[in-house]
Amino acid sequence: ASAFWGCEMRALLERIMERYGTDMVWRNDAGKKTIRAFLQPVTSRSWQKMKREMFPLGEVPIGVYVYIGPMAHEVEQGDWLILGNREYHVRRMEIIYNAQGGAYRWGLCAQKGR
């Protein structure tokens, strides 16, 4: 079982993101690329639920967006994500690790103009 979660967790997460994620444009100094990931707002309700759990990445403020994406997309702090006609500035990006290395990327984004 630990071999499954160690070796296959990253592949499983990538399949979930590919199937249920959202297409968005990732923009940085190198150009633009369409990627598939999750970008969800942190609302007061979701923040209250998260507040009850321990987070190794620190506090998540209300009014930002949480990005969860595959390791293959090397989204970094300072990059931009474009979803529809809205742009989101990547304020923080972390790699979440498991026993076999990086499993996925987790970040906080702010909508442009806010």
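Computed from a predicted model, the values in this text were never measured in an experiment.
Partners of Ile16 under the side-chain contact (heavy atoms from CB on, under 4.5 Å) rule, at least two apart in sequence or in another chain, are Leu12, Tyr20, Phe38.
When the side chains of ILVMFWY residues are joined at heavy-atom separations under 4.5 Å, either directly or via intervening members, Ile35 and Tyr88 end up in a single hydrophobic cluster. No continuous path of hydrophobic side-chain contacts links Trp80 to Leu83 [ILVMFWY only; heavy atoms under 4.5 Å]. Placement of Met17 and Ile96 within a single hydrophobic cluster is found when ILVMFWY residues are connected by side-chain heavy-atom separations under 4.5 Å, directly or transitively.
Looking at every heavy atom in both residues, Tyr67 comes nearest to Pro70 through OH-CD, 4.4 Å. The shortest non-hydrogen separation linking Cys109 to Leu81 is SG-CD1, 3.9 Å.
Contacts classified as side-chain hydrogen bond (donor to acceptor under 3.5 Å, both in side chains) and involving residues 26-37 (residues at least two apart or in different chains) are given here: Asp23-Arg36, Trp26-Asp79, Arg27-Glu87.
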TODO: Check the pair Val66, Ile68 against side chain to side chain contact (heavy atoms under 4.5 Å, CB included), reporting the backbone distance first and the verdict last.
DONE: CA-CA 7 Å; Val66 173; Ile68 298 174; 4.1 Å; yes

TODO: For the pair Tyr65 and Gln40, evaluate side chain to side chain contact (heavy atoms under 4.5 Å, CB included) and give the outcome as yes or no after the intermediate values.
DONE: CA-CA 5 Å; Tyr65 291 74; Gln40 296 293 316; over 6 Å; no

- [ ] Applying side chain to side chain contact (heavy atoms under 4.5 Å, CB included), run through Glu76 and Met93 and close with a yes or a no.
- [x] CA-CA 6 Å; Glu76 296 179 350; Met93 188 59 63; 5.5 Å; no

Task: From CA spacing to verdict: side chain to side chain contact (heavy atoms under 4.5 Å, CB included), Lys112, His89 - done: CA-CA 6 Å; Lys112 183 177 181 180; His89 188 240; over 6 Å; no

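If you take CD on Glu94 and CD on Gln77, they are separated by 9.0 Å, rounding to the nearest 0.5 Å. To the nearest 0.5 Å, atoms CD1 (Ile82) and CG (Leu39) are separated by 12.0 Å. A distance of 10.0 Å separates CZ of Arg91 from CG of Leu108, quoted to the nearest 0.5 Å.
Arg105 has its side chain out of reach of His73: every pair of non-hydrogen atoms, C-beta onward, lies at least 4.5 Å apart.
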